[in-house]
Amino acid sequence: MPRIIRKYREEVKKKIVREAFSLFVEKGYHATTMTEIARCLNVTKPALYQYFSSKEDLFAAVATLAREEFRGTLEQSFSGRNLRDGSAALFDALLRYVPQFNSIYSEMLLLANRNERLREVLMQDRTEDLWVIERFIRRQQQAGLIPRELDCHTLALACDALANGLLSDVRMGMDATEAKEVWVTAVARLVHVDGEAS
C-alpha cells in the first residue's frame, strides 16, 4: 500500500475514533450506533466497517485513545512536582473526567456481562491501563522518587483501586476535597514517603 494512502487511512481512522469517543461519552455505548457515527462523519456505514469490523473493535480503539490521554495526564501531573503535589494534581485531573465517564463506565461493566467480545476488550484495556501505571512507577523508582524495593505491579493495582474507589465515592456524593486528601495521604504512605519528601 503506497505511503500516501496508508497515511490517509490512518488519519481517517483517527477521525473515526475521535468521533466515536465523543459520542460514546455523550450518549453511552449502547445508544451510539455505527450508523450514527457514520452519519456524523458524513460517510456510509459500509465505509466505516472498512476500518472497524464491529462496534466492540471501535470501542477498543477508543479505549486506546483514552489510555494515551491518561498517560499524558499522568506525566503532566507529576512533571516538576514532588510526589504529594503530583498526586494532588493527578487527582484534580481525574476529577475532571468523572462527569464524562460516569455513565459510560457503569454501562460498559453491565454490558460486558452479556457480551464476550466487550468483556475481552475491557479486560485488555484494564491490563494495558495498569501497564501505563507500572511503567510510570518504574521510572519514578529509577529517578529515586519511589523506593526500588516496592513491587511495581502491586503498587499499580493499589493506586488504581484506590483512585477508582475514591472517584466512585465522589460520584456518590463524597466531598471531593476530602477524597483528594485521602488519595494524597494514601499514595504517600503506599510509597513510604513522608509529607514533604519529593
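Throughout, numbering of the chain's residues begins at 1 and tracks the sequence.
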Engineer: Enter the distance from Gln124:CD to Asp129:CG here, rounded to the nearest 0.5 Å.
Structural biologist: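 Spacing of CD (Gln124) from CG (Asp129) equals 10.0 Å.
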Engineer: Kindly check if the number of other-residue, nucleotide or ligand heavy atoms within 6.0 Å of CE (Met174) is above 12?
Structural biologist: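 Atom CE in Met174 is packed in, count exceeds 12.
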Engineer: To the nearest 0.5 Å, how far apart are CD1 in Ile133 and SG in Cys159?
Structural biologist: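 The CD1 atom of Ile133 sits 7.0 Å away from the SG atom of Cys159.
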Engineer: Classify the side-chain pair Ser168/Arg171 by whether it contains a donor and acceptor separated by less than 3.5 Å.
Structural biologist: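 Ser168 vs Arg171: donor-acceptor pair found between side chains.
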Engineer: If we only count heavy atoms from C-beta on, is the Leu155 to Ile146 side-chain gap below 4.5 Å?
Structural biologist: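 Touching, per the 4.5 Å side-chain cut-off.
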Engineer: Do Phe24 and Leu65 sit in one hydrophobic cluster, given that two such residues count as connected whenever their side-chain heavy atoms are within less than 4.5 Å of each other, even indirectly?
Structural biologist: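 Phe24 clusters together with Leu65.
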Engineer: Listed by chain and number, what are the salt bridge (Lys or Arg N to Asp or Glu O under 4.0 Å) partners of Lys55, not counting sequence neighbours?
Structural biologist: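 Testing Lys55 for salt bridge (Lys or Arg N to Asp or Glu O under 4.0 Å), a comparison that skips the adjacent residues, returns none.
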Engineer: Which residues pass the side chain to side chain contact (heavy atoms under 4.5 Å, CB included) test with Ala31, not counting sequence neighbours?
Structural biologist: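 With neighbours one apart ignored, the set is Lys27.
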Engineer: Arg148 side chain to Gln142 main-chain N or O, any donor-acceptor pair under 3.5 Å?
Structural biologist: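 Checking the backbone N and O of Gln142 against the side chain of Arg148, a donor-acceptor pair under 3.5 Å is found.
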Engineer: Test of understanding: with salt bridge (Lys or Arg N to Asp or Glu O under 4.0 Å), list the residues that count as partners of Asp85, not counting sequence neighbours.
Structural biologist: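 Listed in chain order: nothing, the list is empty.
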Engineer: Is the distance between the ring centroids of Phe78 and Phe136 under 6.0 Å?
Structural biologist: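 That pair passes the under 6.0 Å test.
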Engineer: Is the shortest distance from a Lys or Arg side-chain nitrogen in Arg117 or Glu120 to a carboxylate oxygen in the other one below 4.0 Å?
Structural biologist: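 Answer for the salt bridge query: yes.
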Engineer: Just jot down the salt bridge (Lys or Arg N to Asp or Glu O under 4.0 Å) partners of Glu178, sequence neighbours excluded, or say none.
Structural biologist: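 With sequence neighbours excluded, Glu178 shows a salt bridge (Lys or Arg N to Asp or Glu O under 4.0 Å) to no residue whatsoever.
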Engineer: I'd like to know if the side chain of Gln141 reaches the main chain of Leu150, judged simply by a donor and an acceptor atom lying under 3.5 Å from each other, with no hydrogens or angles considered.
Structural biologist: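 At least one qualifying donor-acceptor pair exists.
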Engineer: Are Leu94 and Phe70 side-chain neighbours, meaning at least one heavy-atom pair lies under 4.5 Å?
Structural biologist: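 Heavy-atom side-chain distance check passes, below 4.5 Å.
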Engineer: Between Glu181 and Thr185, is there a side-chain heavy-atom distance shorter than 4.5 Å?
Structural biologist: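 A side-chain contact exists here, since the closest heavy-atom pair is under 4.5 Å.
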Engineer: Does a side-chain heavy-atom distance below 4.5 Å link Ser77 with Phe91?
Structural biologist: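 With C-beta onward as the side chain, the pair stays apart.
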Engineer: Let me check something: any side-chain donor-acceptor pairs from residues 10-22 under 3.5 Å, sequence neighbours excluded? List them with distances.
Structural biologist:
from  : atom 1 : to    : atom 2 : distance (Å)
Ser22 : OG     : Arg18 : O      : 3.3

Engineer: Do Phe59 and Leu122 come within less than 4.5 Å of each other through their side chains, counting heavy atoms only?
Structural biologist: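 They are in contact (side-chain heavy atoms under 4.5 Å apart), so the answer is yes.
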Engineer: Identify, with sequence neighbours excluded, every residue that meets salt bridge (Lys or Arg N to Asp or Glu O under 4.0 Å) alongside Asp160.
Structural biologist: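 With sequence neighbours excluded, Asp160 shows a salt bridge (Lys or Arg N to Asp or Glu O under 4.0 Å) to Arg126, given in chain and number order.
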